[in-house]
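First the structure, in the form of structure tokens, and then the observations on it.
Side chains included, hydrogens not; waters and symmetry mates left out as well; all remaining heavy atoms used. We name chains A, B, ... by the order of the sequence lines, and we start the count at 1 in each one.
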There are 2 protein chains.
Amino acid sequence: MGRMEQRAAGDTRDRIVQVTARLLQRQGYEGTGIKQIASESRATLGSVYHFFPGGKQELAAAAIRHGDQEFADLLRSALDSEDDPGKALVACTRELAAGLRDSDWTDGCPVTATALETIGRAPDIQLACAQAIEHWQDLVAGKLLACGFAADTARELASTVVSTLEGAELSAQVARSEEPLHTAGRHLARLVACYAPDATAR
Amino acid sequence: MGRMEQRAAGDTRDRIVQVTARLLQRQGYEGTGIKQIASESRATLGSVYHFFPGGKQELAAAAIRHGDQEFADLLRSALDSEDDPGKALVACTRELAAGLRDSDWTDGCPVTATALETIGRAPDIQLACAQAIEHWQDLVAGKLLACGFAADTARELASTVVSTLEGAELSAQVARSEEPLHTAGRHLARLVACYAPDATAR
DNA sequence: CACATTCTAGAACGAACGCTCTACTCAGTA
DNA sequence: TACTGAGTAGAGCGTTCGTTCTAGAATGTG
């Protein structure tokens, strides 16, 4: 009853979204063309516009949501890998640095480039970007809450943590060096220690 | 002796660079066209290619260097406005937040968008971006050195400070809120206090 | 079988892209 | 006066852009 076709169709749709997400991450919104997306995802223009009748904007918003999840998965697994919140943040920077190095510094944050280009001119995409950042902040705040931090403190720290991760990843990409990320990791660990619930900031 | 023409010519060149810098800041590299640059700077295509025979890339690199100086001026004046390094960093975030608010969140860092789009595909531009970030780090490190921080500590902190400022400005733009910047300012002040030469981190 | 629906396929459209090119203006020099 | 060199001006090059459109393949249902 149509499972096969629908599966195949779903595969095509997913392939389009995944390829778009990667291209947006590497070349930004204006630098990525629909025809490139179609050819690299082994789909045709007809298919792309069939699944995304809203055109490039709708497709980009879907791809940003995909990148949101991808980044969230990395963040979640790094945060869960350590009990101590400071060590967990260092694990985050280590994972980000590894991803950058392995991609020869091409695969940074899957959202940043598109977010910056579309500010104030593509509300759907900007919304998806804002939700992504909120989502990542929630993950960090959740970790801090689980470690006993006060709710307000956790939320504020999470904001700065995500900002710093974003900025350090940018610095690392531009400088082609892991150092900004590793340094940021150490400093973030020190920062959260200042606000730790067991007041003895070492 | 041709002073007038040369002045007028220099004015045209400067106008082109300034307009390009602003457009790159707001729309990124791929989103900014040479013809838009020409029309908004009241120059013609012929003039643009006369002053920048290397085309879009050469012009963009010059505009990035201009944005570097612009951002450095803001940073320098904010850092000089306070003796205490923590308060100086808060002043930086306050200035950045004011700039964002006044431009309805369109004028963020003049380098970031272009940097992300051209990573690994336009070496001249990427170099200019890397030098800009280094430049800003040097300003922050200089302030910390002047406050008595150890050289290594100052350099590392400066890296994280600039990363956090970049990331917080991005977060603020996407969320259309000053909060990420103000929060980051408080946290950066707390962070540098941890490494202050007078070891009594309050 | 016919029939609708879903998805694939790519030609074609007008607009915009970066860039090249020739023609021109105009002050300074010999 | 003739010439030079800097800068202005914009038509036009080939290409690519996002999008639209029609045609057909594939599958499920009556």
Tell me whether the side-chain N/O atoms of A:Thr44 come closer than 4.0 Å to OP1 or OP2 in C:dG10.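 So the side chain of A:Thr44 is outside the cut-off, no N or O lying under 4.0 Å from OP1 or OP2 of C:dG10.
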Is the shortest side-chain N/O distance from B:Thr12 to OP1 or OP2 of D:dT8 below 4.0 Å?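 For D:dT8, OP1/OP2 do have a side-chain N/O of B:Thr12 under 4.0 Å.
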Determine whether a donor-acceptor pair (N or O, by modelled atom type, separation under 3.5 Å) exists between the side chain of A:Gln126 and the backbone of A:Gly120.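 Between the backbone of A:Gly120 and the side chain of A:Gln126 there is a qualifying donor-acceptor contact (under 3.5 Å).
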State whether the side chain of B:Trp136 and the backbone N or O of B:Asp68 hold a donor-acceptor pair below 3.5 Å, judged by distance alone.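 Confirmed, B:Trp136 side chain pairs with B:Asp68 backbone.
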Between A:His135 and A:Phe71, ring centroids under 6.0 Å: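 No, too far apart.
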Under the criterion side chain to side chain contact (heavy atoms under 4.5 Å, CB included), I'd like the reasoning laid out for A:Thr153 against A:Leu144: C-alpha separation, chi angles, the key distance, then a yes or no. CA-CA 9 Å; A:Thr153 307; A:Leu144 295 177; over 6 Å; no
Distance-minimising heavy-atom pair for B:Val90 and B:Arg186: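 Reported closest heavy-atom pair: CG2-N, 4.4 Å.
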What ring-ring contact (aromatic ring centres under 6.0 Å, His included) pairs are there with at least one residue in residues 81-115 of chain B, not counting sequence neighbours?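 Checked against ring-ring contact (aromatic ring centres under 6.0 Å, His included) - neighbours excluded - no pair reaches residues 81-115 of chain B.
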Starting at the 5' end of nucleotides 11-25 of chain D, put B wherever the base has a protein heavy atom under 4.0 Å, S where only the sugar-phosphate does, and a dash everywhere else. BB----BBBB-----
Charged N-O contact under 4.0 Å between A:Arg22 and A:Glu40: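 No.
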Indicate yes or no: does B:Asp80 engage B:Lys143 in a salt bridge with an N to O separation below 4.0 Å.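 Not counted as a salt bridge, because no side-chain N and carboxylate O are separated by less than 4.0 Å.
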Atom-to-atom span, [atom1] of [X] to [atom2] of [N] - whole angstrom:
X	N	atom1	atom2	result
B:His50	D:dA9	NE2	P	13 Å
B:Arg15	D:dG7	CZ	C1'	12 Å
A:Asp11	C:dT6	CG	C1'	15 Å
B:Gln27	C:dC17	CD	C1'	14 Å

Bending between helix ends of the helix from C:dC1-D:dG30 to C:dA30-D:dT1 [5 pairs per end, 10° resolution]: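 For the helix from C:dC1-D:dG30 to C:dA30-D:dT1, the axes at either end differ by 20°.
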